[in-house]
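First comes the structure, then the notes that go with it.
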Amino acid sequence: MKTPVIVSLALAASLVSLSASAEFAKSEDAIKYRQSALTVMGTHFARLGAMANGKLPYDAAQAARNAEVVALVSHLPWAGFAPGTDKGRESAARPEIWQEQAKFKDRADKMQTAVAERLLPAARSGNLDQLKAAFGPTAQSCKACHDDFRRR
Ligand code: ASC
């Protein structure tokens, strides 16, 4: 069972890297896109948090599925932060995103690494203690970017 999931994730990731270079017709579309991706990622990440915190019954298969969604979608928002998309729709994005691009990219990379290397294997382990141990550091990688780049 495990190999096909990994293969399909790898295929999906290669499709995602192709689409990451596509442009959006309007700044508003890019902003909607990144907000949607972050909303989907946050929704599935929060379900893992609820399991880790005992607010939702632990279900190993659901935990793995949620982490797979987070892992795939973690690659998507960044294309929506293209130059010129600082305006065009109501957004919590701070101008520093476009002024400090290397730092922003570093934060995004760290989150994707935490998700791929900690959260996903922990969620696939079928072990709640491993999920609990991985959730906090991964949430910290979300927060590190929000602290510097998202309006409060
Ligand atoms: C979530 C979510 C985030 C992060 C962040 C972690 O569940 O939607 O944006 O965790 O709150 O600090």
Side-chain angles (χ1 to χ4, degrees), residues 5-6 8-9 12-13 15-17 19-20 22 24 26-152:
V5 174
I6 290 166
S8 64
L9 268 180
L15 289 175
V16 165
S17 63
S19 64
F24 296 95
K26 291 181 291 181
S27 175
E28 184 186 4
D29 296 343
I31 298 171
K32 272 193 215 169
Y33 177 89
R34 74 196 189 210
Q35 290 173 339
S36 303
L38 288 162
T39 297
V40 170
M41 187 167 35
T43 299
H44 291 270
F45 187 64
R47 289 178 190 166
L48 288 169
M51 283 190 208
N53 296 323
K55 289 177 186 147
L56 187 68
Y58 177 62
D59 176 323
Q62 285 301 318
R65 183 69 190 132
N66 280 309
E68 282 156 8
V69 173
V70 173
L72 178 58
V73 179
S74 71
H75 298 279
L76 300 185
W78 322 113
F81 289 96
T85 62
D86 53 328
K87 292 187 181 69
R89 177 182 161 91
E90 173 93 35
S91 162
R94 284 170 52 173
E96 285 80 0
I97 290 169
W98 293 274
Q99 294 156 5
E100 300 170 25
Q101 293 233 311
K103 184 173 166 187
F104 182 63
K105 185 177 187 310
D106 176 72
R107 293 282 199 276
D109 288 347
K110 283 195 172 126
M111 182 279 287
Q112 290 168 78
T113 301
V115 168
E117 295 183 4
R118 296 203 64 165
L119 186 71
L120 185 58
R124 282 177 169 163
S125 73
N127 181 309
L128 177 58
D129 287 332
Q130 288 200 34
L131 178 62
K132 285 181 181 171
F135 184 79
T138 309
Q140 185 53 43
S141 76
C142 307
K143 186 177 183 297
C145 192
H146 293 165
D147 284 349
D148 285 329
F149 295 112
R150 186 172 70 171
R151 280 196 198 94
R152 278 143 232 261

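When a residue number appears, it is its place in the shown sequence, counting from 1. Atoms within a ligand are numbered from 1 in the order they appear, just like the ligands themselves.
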Per-pair distances, 0.1 Å, donor-acceptor, side chain in residues 112-122, under 3.5 Å, sequence neighbours excluded:
from: Q112; atom 1: OE1; to: H75; atom 2: ND1; distance (Å): 2.9
from: Q112; atom 1: NE2; to: A108; atom 2: O; distance (Å): 3.1
from: T113; atom 1: OG1; to: D109; atom 2: O; distance (Å): 2.9

Distance-only donor-acceptor hits, side chain of residues 49-63, under 3.5 Å, sequence neighbours excluded:
from: N53; atom 1: ND2; to: G49; atom 2: O; distance (Å): 3.0
from: Y58; atom 1: OH; to: G126; atom 2: O; distance (Å): 3.3
from: Y58; atom 1: OH; to: N127; atom 2: N; distance (Å): 3.2
from: D59; atom 1: OD1; to: A61; atom 2: N; distance (Å): 3.0
from: D59; atom 1: OD1; to: Q62; atom 2: N; distance (Å): 3.0

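Donor-acceptor pairing under 3.5 Å is lacking for the side chains of Q99 and R94. The closest side-chain donor-acceptor pair between R34 and T85 falls under 3.5 angstrom.
For ligand 1, the 4.0 Å heavy-atom shell contains residues G42, F45, A46, A139, C142, K143, H146.
A salt bridge does not link K103 to E96: none of the charged side-chain nitrogens sits closer than 4.0 Å to a carboxylate oxygen.
For F104, the ring-ring contact (aromatic ring centres under 6.0 Å, His included) criterion is met by W78, F81, F149, not counting sequence neighbours.
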